[in-house]
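Everything on this sheet refers to the single structure shown next.
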Amino acid sequence: MEFPSEHLREVQEDFIIKDEDVLLLTYPKSGTNWLIETVCLIYSKGDPKWVQSEPIWDRCPWVETKHGYELLKEKEGPRLISSHLPIQLFPKSFFKSKAKMIYLIRNPRDVLVSGYFFWRIAKFVKRPQSLEQYFEWFVEGNVVFGSWFDHARGWMSMRDKENFLILSYEEMKWDTRSTVEKICQFLGKKLEPEELNSVLKNSSFQAMKENSMSNYSLLKGQYFEENGQLLRKGTLINDLGEINDCSMLTIQRISQSNSDYG
Ligand SMILES: Nc1ncnc2c1ncn2[C@@H]1O[C@H](COP(=O)(O)O)[C@@H](OP(=O)(O)O)[C@H]1O
Ligand SMILES: CCc1ccc(OS(=O)(=O)O)cc1
């Protein structure tokens with residue numbers, strides 16, 4: 001995927017983030033689409049009509065894509081905005097705004113595995129030929145949106161700001177209900193118990209997998225291989241069995257990089 005530098009410069013210098021906007025920030029493969037679906041459902045009070053009728057990339061556009069940028073510029077009122085940008089490339093106006101941002105972080109070992117399977121079926125990036133090769137790219141930061149470590153370190157520097165909420169994919173998996181409640185509280189949204197139940201039901205792995213507006217099936221052919229899927233497993237590190245050959249290597253090397261990173 002190409003992000004021309006003039007476009008990125010325009011996004012960084014000229015895009016105005018409004019105080020009422022809500023930003024969903026992630027490193028790719030950290031559960032971005034799950035978070036977007038959840039927040040959209042919170043906004044619709046659990047009513048699935050919106051998430052079942054508008055593609056996820058239009059409901060909460062990526063500011064760094066040309067398509068998303070154009071949509072966002074034209075949208076009036078408060079916007080849901082998503083991004084994978086590292087902090088140093090993010091629109092400068094955010095840092096002077098009161099806009100709320102949720103940063104969703106995921107165990108880098110799962111991000112690595114998820115990314116490996118995802119980029120293999122994507123048509124718009126260089127494809128890894130093996131997990132070992134992708135592992136090297138990942139640790140070196142030679143992947144779309146750069147180093148996971150730099151991304152996490154950069155955004156974590158915002159952790160004490162009151163308009164910044166950090167969540168993890170793991171806590172979302174372990175206790176989805178409490179995490180959704182935390183998001184509601186952060187966004188100042190109040191849901192009735194049955195509305196909250198509907199948010200949980202309609203953002204579940206199974207519901208999203210079956211929702212053509214959220215599972216990327218609309219992009220098959222043009223951007224992804226026919227047999228590809230965004231909602232692959234939706235599980236945690238314990239399932240590394242599938243990459244047994246190199247899982248120990250991965251764990252050792254990432255732990256090493258992680259401690260280097262401080
Ligand atoms: N509703 C959901 N519940 C749990 N995991 C979900 C989910 N929707 C997507 N995911 C997982 O989030 C990852 C994709 O992240 P992103 O949206 O940032 O691209 C995939 O992980 P796996 O590849 O490990 O299955 C996908 O299965
Ligand atoms: C269609 C472009 C695109 C870019 C990045 C993606 O990864 S993620 O699902 O947001 O993590 C997917 C699609």
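Quick caveat, the model's predicted, so the values are computed rather than measured.
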How far apart are the C-alpha atoms of H67 and D58, what are their side-chain angles, what is the distance that settles it, and do they pass the side-chain contact (heavy atoms from CB on, under 4.5 Å) test? CA-CA 9 Å; H67 174 78; D58 288 350; 2.7 Å; yes

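- Atom CD1 of I121 sits about 8.0 Å away from atom CG of L230, to the nearest 0.5 Å.
- Residues L8 and I16 fall into different hydrophobic clusters, defined by Ile, Leu, Val, Met, Phe, Trp and Tyr side chains chained together at heavy-atom separations under 4.5 Å.
- One finds no salt bridge joining E195 and K190 here, because no Lys/Arg side-chain nitrogen approaches an Asp/Glu carboxylate oxygen to under 4.0 Å.
- Closest non-hydrogen pair, L191 versus C184, comes out as CD1-SG, 3.7 Å.
- Looking at every heavy atom in both residues, S157 comes nearest to I87 through OG-CD1, 4.0 Å.
- One finds no salt bridge joining R9 and E6 here, because no Lys/Arg side-chain nitrogen approaches an Asp/Glu carboxylate oxygen to under 4.0 Å.
- When all heavy atoms of D21 and R79 are compared, the pair lying nearest together is OD2-NH2, 2.7 Å.
- Remark: aromatic rings of Y116 and F135 are distant, center separation not under 6.0 Å.
- Using a distance-only test at 3.5 Å, with no hydrogens or angles considered, no donor-acceptor pair links the side chain of E13 to the main chain of K92.
- E37 approaches S214 most closely through the heavy-atom pair OE2-OG, 2.6 Å.
- Annotation: side chain of V22 is in contact with side chain of Y43 (closest heavy-atom distance under 4.5 Å).
- Ring orientation note: the planes of Y103 and H151 are close to parallel, at an angle under 30° on the 30°/60° scale.
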Would you sort out whether R177 and V199 count as a side-chain contact (heavy atoms from CB on, under 4.5 Å), showing the intermediate values? CA-CA 9 Å; R177 181 177 292 271; V199 170; over 6 Å; no

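- Dense packing is recorded around CD of E194, with more than 12 heavy atoms of other residues, nucleotides or ligands lying under 6.0 Å away.
- In this structure, L165 is a member of the same hydrophobic cluster as I81, with clusters built from ILVMFWY side-chain heavy atoms closer than 4.5 Å.
- Within the structure, ring-ring contact (aromatic ring centres under 6.0 Å, His included) contacts touching residues 4-26 (residues at least two apart or in different chains) are H7-Y69, F15-Y69.
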Apply side-chain contact (heavy atoms from CB on, under 4.5 Å) to residues E171 and L167 and explain how you reach the verdict.
CA-CA 7 Å; E171 71 179 299; L167 297 175; 3.9 Å; yes

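- Within a 6.0 Å radius of NZ in K73, other residues, nucleotides and ligands contribute more than 12 heavy atoms.
- Atoms CE and CE, on M208 and M213 in that order, are 13.0 Å from each other to the nearest 0.5 Å.
- Between the side chain of T26 and the backbone N or O of P28, no donor-acceptor pair lies under 3.5 Å.
- Side-chain contact annotation: E54 with W50, donor-acceptor N/O pair under 3.5 Å present.
- A salt bridge links R153 to D150: at least one charged side-chain nitrogen sits closer than 4.0 Å to a carboxylate oxygen.
- Remark: E192 does not engage K45 in a salt bridge, criterion side-chain N to carboxylate O under 4.0 Å.
- Using a 4.5 Å cut-off on side-chain heavy atoms (C-beta onward), V51 and N211 make contact.
- No more than 12 heavy atoms of other residues, nucleotides or ligands sit less than 6.0 Å from atom NZ of K98.
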Practice prompt. Would you sort out whether S82 and W62 count as a side-chain hydrogen bond (donor to acceptor under 3.5 Å, both in side chains), showing the intermediate values?
Written response: CA-CA 5 Å; S82 114; W62 277 281; 3.2 Å; yes

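- The backbone N or O of S97 lies less than 3.5 Å from no partner atom in the side chain of D19, so there is not a single donor-acceptor pair.
- Taking CG of N33 as the start and CG of L24 as the end, the distance is 10.5 Å to the nearest 0.5 Å.
- Distance alone, capped at 3.5 Å, places no donor-acceptor pair between the S147 side chain and the G141 backbone.
- Ring to ring, W155 and Y27 are not that close: their centroids are 6.0 angstrom or more apart.
- Counting heavy atoms from C-beta on, the side chains of L231 and F205 come closer than 4.5 Å.
- A pairwise comparison of heavy atoms in L85 and L89 identifies CD1-O, 3.7 Å as the closest pair.
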side-chain contact (heavy atoms from CB on, under 4.5 Å) between L80 and C40, worked out: CA-CA 8 Å; L80 292 179; C40 288; 4.0 Å; yes

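- Between L104 and W34 the shortest side-chain heavy-atom distance does not fall below 4.5 Å.
- Of all heavy-atom pairs spanning N202 and A207, the tightest one is O-CB, 3.6 Å.
- The environment of K18 atom NZ is dense: over 12 non-hydrogen atoms of other residues, nucleotides or ligands sit within 6.0 angstrom.
- Here the side chains of F118 and V125 are not in contact, with every heavy-atom distance at 4.5 Å or above.
- The environment of Q52 atom CD is dense: over 12 non-hydrogen atoms of other residues, nucleotides or ligands sit within 6.0 angstrom.
- The CG atom of L35 sits 13.0 Å away from the CZ atom of R106 when rounded to the nearest 0.5 Å.
- Applying side-chain contact (heavy atoms from CB on, under 4.5 Å) to Y134 and the options N142, L112, V113 leaves one that passes, L112.
- Side-chain N/O atoms of Q206 and E210 include a donor and acceptor closer than 3.5 Å.
- With 3.5 Å as the limit, one finds no donor-acceptor pair spanning the side chains of D47 and S44.
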Could you give me the CA-CA distance, side-chain angles and deciding distance for F3 and F145, then say whether ring pair (Phe, Tyr, Trp, His ring centres under 6.0 Å) is met? CA-CA 10 Å; F3 294 101; F145 296 100; 5.3 Å; yes

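- Contact annotation: the side chain of M158 never approaches that of M101 to less than 4.5 Å [non-hydrogen atoms, C-beta and beyond].
- Looking at heavy atoms from C-beta onward, K100 lies out of side-chain contact with L23 at the 4.5 angstrom threshold.
- No continuous path of hydrophobic side-chain contacts links L71 to L219 [ILVMFWY only; heavy atoms under 4.5 Å].
- Annotation: the span from F186 atom CZ to I166 atom CD1 amounts to 10.5 Å, rounded to 0.5 Å.
- Note that K126 lies outside the cation-pi zone of W119, set by a 6.0 Å cut-off to the ring centre and a 45° limit from the axis.
- Here the side chains of K123 and Q222 are not in contact, with every heavy-atom distance at 4.5 Å or above.
- One distance of note links CZ of F164 with CG of L25; it measures 7.0 Å at 0.5 Å rounding.
- Between E225 and K220 there is no salt bridge, since no side-chain N of the basic residue sits under 4.0 Å from a carboxylate O of the acidic one.
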